[in-house]
Amino acid sequence: DQQVKQNSPSLSVQEGRISILNCDYTNSMFDYFLWYKKYPAEGPTFLISISSIKDKNEDGRFTVFLNKSAKHLSLHIVPSQPGDSAVYFCAAADGGSQGNLIFGKGTKLSVKP
Amino acid sequence: KAGVTQTPRYLIKTRGQQVTLSCSPISGHRSVSWYQQTPGQGLQFLFEYFSETQRNKGNFPGRFSGRQFSNSRSEMNVSTLELGDSALYLCASSFQGNEQYFGPGTRLTVT
């Protein structure tokens with residue numbers, strides 16, 4: 001039973017446009033959410049996170065939005081660049097389960113020049 | 001600061017053998033988590049250590065074990081290897097547990 005779902009296995013976007021990656025979760029105990037980027041043969045790289053007490057967090061070109069009532073979060077990348085092409089993972093944590101991040105299966109983003 | 005390092009990067013073992021993987025966290029981080037990544041199951045949590053104590057454990061058999069040393073370095077051990085243990089093993093460190101920074105992983109192949 002997947003607690004964190006990324007329903008789009010892949011996404012293709014033109015350079016300079018917005019990339020929107022989506023993630024849904026089922027566990028209402030999750031109170032912290034993270035996005036990671038992963039290139040082949042490397043470990044995931046932390047991008048941005050958001051606590052459940054917020055609904056938006058921005059860091060440069062990356063913005064994460066959290067809709068708790070819908071149990072949905074999204075990552076916006078503006079503008080998209082070819083170097084952003086990678087697999088993006090959404091992860092969630094609940095305060096009572098230290099060190100245990102629950103990951104989605106990932107979305108492969110391709111940014112075309 | 002140096003990132004998380006994992007050794008070895010690649011490993012080939014035979015069924016029935018055991019293996020030990022090593023992880024050095026970012027300086028100052030006391031929490032180390034281990035994950036297994038496979039194409040079918042994605043990233044799955046193995047266990048987490050904080051100040052030499054296992055605080056949390058995922059749903060893996062007892063063949064998978066770990067430990068953490070006083071300098072926060074961690075090792076994980078898999079005994080009696082099975083073909084299905086072939087995977088990328090990732091270590092992540094954090095200051096307290098949530099915002100985790102990953103190493104490059106150890107690619108284990110069991111033949």
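Quick caveat, the model's predicted, so the values are computed rather than measured. So you know, we letter chains A, B, ... as the sequences are listed, proteins then strands, and number each from 1.
- The one candidate from A:V111, A:I18, A:T63, A:L21 that meets the side-chain contact (heavy atoms from CB on, under 4.5 Å) condition with A:I77 is A:L21.
- B:R107 does not touch chain A: none of its heavy atoms, backbone or side chain, sits under 4.5 Å away.
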Might you work through the side-chain contact (heavy atoms from CB on, under 4.5 Å) test for A:D94 and A:Y32, ending with a clear yes or no?
CA-CA 7 Å; A:D94 85 63; A:Y32 198 75; over 6 Å; no
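- Contact annotation for B:L88: only side-chain heavy atoms (C-beta onward) come within less than 4.5 Å of a heavy atom of chain A.
- With salt bridges taken as basic N to acidic carboxylate O contacts below 4.0 Å, none links B:D85 and B:K13.
- Contact annotation for B:F47: neither backbone nor side-chain heavy atoms come within less than 4.5 Å of a heavy atom of chain A.
- Per-residue counts of heavy-atom pairs under 4.5 Å with chain B were compared for A:P44, A:A93, A:A91; the largest is that of A:P44.
- For a residue to count as touching a neighbouring chain, one of its non-hydrogen atoms must lie under 4.5 Å from one of that chain's; by this rule B:Q41 touches chain A with the backbone only.
- Heavy atoms closer than 4.5 Å to chain A are found in the side chain of B:L90, but not in its backbone.
- Neither side chain, A:K38 nor A:Y36, offers a donor N or O lying under 3.5 Å from an acceptor on the other.
- A salt bridge links A:D84 to A:R61: at least one charged side-chain nitrogen sits closer than 4.0 Å to a carboxylate oxygen.
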